[in-house]
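Inspection log for the structure reproduced underneath, given as structure tokens.
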Number of protein chains: 2
Amino acid sequence: MAAGTNSLELVVLGLLKEQDMHGYELKKRMTESLGLIMHVSWGSLYPALARLEAKGAVKAVEAKPAIPNIPMTGSLGGERAVFRTSSDGLRGARNKKVYGITDIGSALFYQMLNDEREIDEKGFAVRLAFASHMDPEKRLKMLKDRRDLILEKVRSSRRSADKRRFAFEPYVELVLEHFRSTNTSDLAWIEELIRKEASSMQRPNTEFLVSQDIQDNINS
Amino acid sequence: MAAGTNSLELVVLGLLKEQDMHGYELKKRMTESLGLIMHVSWGSLYPALARLEAKGAVKAVEAKPAIPNIPMTGSLGGERAVFRTSSDGLRGARNKKVYGITDIGSALFYQMLNDEREIDEKGFAVRLAFASHMDPEKRLKMLKDRRDLILEKVRSSRRSADKRRFAFEPYVELVLEHFRSTNTSDLAWIEELIRKEASSMQRPNTEFLVSQDIQDNINS
DNA sequence: TTTCTGTTATATCGGCTTGATATATCGAAA
DNA sequence: TTTCGATATATCAAGCCGATATAACAGAAA
């Protein structure tokens, strides 16, 4: 089931590996930093967190009802009023729920990252972004797989363009041509990455390799 | 409801405007010709057709149980055996259901095409592909809106990149840089299109404008 | 002081897409 | 004759998106 590895869960785990965060913070980080790469909606983020929590991959570290720095206005009732935990337990409007990654989550992160199933554009971008946590062979393989996939897409598009004798409407041709050129330049970029990876694997200790925690890697 | 205009329905209507087709043929056309632009799965295509049919935008033109050219083997039972319409009516395994577009569908096509709501990458590509059916002002507006959107995305990404004093992991920076450059080149492409559109609007009769059926346009 | 507004924060819903799978027909090759 | 691959339609569980609801809180305006 679970068609291919879920990029969103991968990103969430990747970010939580850096530091504990609550949902809102996660989304902020994603849109501010990775906004060009991916895009998250509330309707997928919170269910994703819930899923990860159910799997034991993350757990609520801290659930503070946002006690502000109490200004010294004398004692106005002791513990600062009711903790109105809104009907069902921990959550509540402004009651932050800060998540942390568990060992299970860390293992899941590496397992998802090294999953060799075919990936789409977004999946590729996300994995590459976290590629410093992959081991070099897998990383190289991922790049080559992606290259082959794009190559085949472009070729097949050109093939079927050559096959038909007539041209489509001019705007269709326009768009197709642009997509072919975008893919071609993606291809060149990936080729360059492959070249660098390959050469830094021959002589290690290059700063292009940024792997320190790779041995934690759990290959399911 | 119906968050923004549905690109898939737009494409289906656009293709059916050219000629009647059944689902399988539609998917073939889409993946062969527009494969670089979009991607359709069975699980969305058939429901989309059903939706369009329910709206009266398309209708089954012909539902032939695939009678092959009868080879003259004398009379072997008359009308060529049972039409096993598989349990519930018209459909059945190889019983093609050929769809045609209706007047309502044609109106819907123009309405969706000219919908000015904010669109994502895919939505933009699809609309641009059918842009010969838009009127020139809307087309130009769409291009400018898209340009502004990308411009803002890139700027905001650069802004938040400049703001933080430290760099992310090298692979993240790598990916971000690539996306910025992709977006920048998209931007240049769109600027060029805008330039051409604008100049062909000043002096009409340029072959860059391919509008003949624009007056059918129904602006809801 | 109170009110109003904008940001922080979590959650849910309907509608749609996806990838997988099931079913069945047909033509042609083996 | 059987087998195989292409044609053809359909459905399902999971997941995502955009919209919307709810509420706490900070600070400015009134």
Side-chain angles (χ1 to χ4, degrees), chain A residues 1-9 11 21-28 38-54 60 63-69 71 80-99 117-120 122-123, chain B residues 1-9 11 21-28 38-54 60 63-69 71 80-99 117-120 122-123:
Chain A
M1 31 216 96
T5 287
N6 182 326
S7 313
L8 177 52
E9 294 184 9
V11 172
M21 270 183 276
H22 54 265
Y24 192 81
E25 235 174 320
L26 275 164
K27 173 156 174 161
K28 249 182 121 180
M38 68 177 310
H39 171 263
V40 199
S41 65
W42 299 122
S44 51
L45 179 56
Y46 284 108
L49 278 169
R51 253 161 20 229
L52 288 171
E53 193 174 25
K64 59 168 80 166
I67 304 182
N69 49 344
R80 188 156 190 83
V82 203
F83 286 174
R84 186 202 22 73
T85 41
S86 167
S87 77
D88 59 338
L90 265 178
R91 291 153 298 97
R94 192 64 175 277
N95 297 13
K96 294 197 243 182
K97 193 173 177 187
V98 178
Y99 290 96
R117 263 169 297 187
E118 204 171 282
I119 47 180
D120 59 9
K122 192 178 108 186
Chain B
M1 35 218 87
T5 287
N6 181 325
S7 312
L8 176 53
E9 294 184 9
V11 172
M21 270 183 277
H22 54 264
Y24 192 82
E25 234 174 320
L26 274 164
K27 172 154 177 169
K28 248 183 122 181
M38 69 178 309
H39 171 263
V40 198
S41 64
W42 299 120
S44 52
L45 179 57
Y46 285 108
L49 279 169
R51 251 155 28 226
L52 288 171
E53 193 174 25
K64 59 168 78 166
I67 304 183
N69 48 344
R80 187 157 190 83
V82 203
F83 285 175
R84 186 201 23 73
T85 39
S86 170
S87 76
D88 60 338
L90 264 178
R91 290 156 296 94
R94 193 64 176 277
N95 295 14
K96 294 197 242 181
K97 193 172 177 188
V98 178
Y99 291 97
R117 264 169 296 188
E118 205 171 281
I119 48 180
D120 58 10
K122 193 177 107 186

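Here the structure is a predicted model, which means the values were calculated and not measured. Chain A is the first sequence line, chain B the second, and so forth, proteins listed ahead of strands; every chain is numbered from 1.
Dashed line: the shortest gap from a side-chain N or O of Tyr24(B) to OP1 or OP2 of dT9(D) is not under 4.0 Å.
With rounding to whole Å, Leu45(A) atom CG is found 11 Å from dA9(C) atom C1'. Atom NZ in Lys97(B) sits roughly 19 Å away from atom P in dT25(C) (whole-Å rounding). Across the protein-nucleic acid pair, Asn6(A) atom CG and dA14(D) atom C1' stand 10 Å apart, rounded to whole Å.
In this structure, of dT7(D), dA8(D), dT10(C), it is dA8(D) that holds the atom nearest to the side chain of His22(B). When the nucleotides dT17(C), dT11(D), dG19(C) are ranked by their closest atom to the side chain of His39(B), dG19(C) comes out on top. Ranking dA8(D), dT17(C), dA9(C) by closeness to the Lys96(B) side chain, first place goes to dA8(D).
Residues Ala48(B) and Trp42(B) each lie close to DNA chain C; by heavy-atom proximity, the contact nearer the 5' end of the strand is made by Ala48(B). Residues Tyr99(B) and Pro47(A) each lie close to DNA chain D; by heavy-atom proximity, the contact nearer the 5' end of the strand is made by Tyr99(B).
Partners of Glu25(A) under the side chain to side chain donor-acceptor pair (under 3.5 Å) rule, at least two apart in sequence or in another chain, are His22(A).
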Where does DNA chain C pair, written as one dot-bracket string 5' to 3', with Watson-Crick or G-U pairs under 3.5 Å, ( ) inside the strand, [ ] for crossing pairs and | for another strand? ||||||||||||||||||||||||||||||

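Sorted by first and then second residue, the salt bridge (charged side-chain N to carboxylate O under 4.0 Å, His left out) pairs involving residues 44-53 of chain A (not counting sequence neighbours) are Glu9(A)-Arg51(A), Glu53(A)-Lys97(A).
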Give the table of side-chain donor-acceptor pairs shorter than 3.5 Å for residues 38-48 of chain A, with sequence neighbours excluded, one pair per line with atom names and distance.
unit_1   : atom_1 : unit_2   : atom_2 : d
Ser41(A) : OG     : Ser44(A) : OG     : 3.2
Ser44(A) : OG     : Ser41(A) : O      : 3.1

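Residue Gly43(B) is classed as a base contact, given a heavy-atom separation below 4.0 Å to a base.
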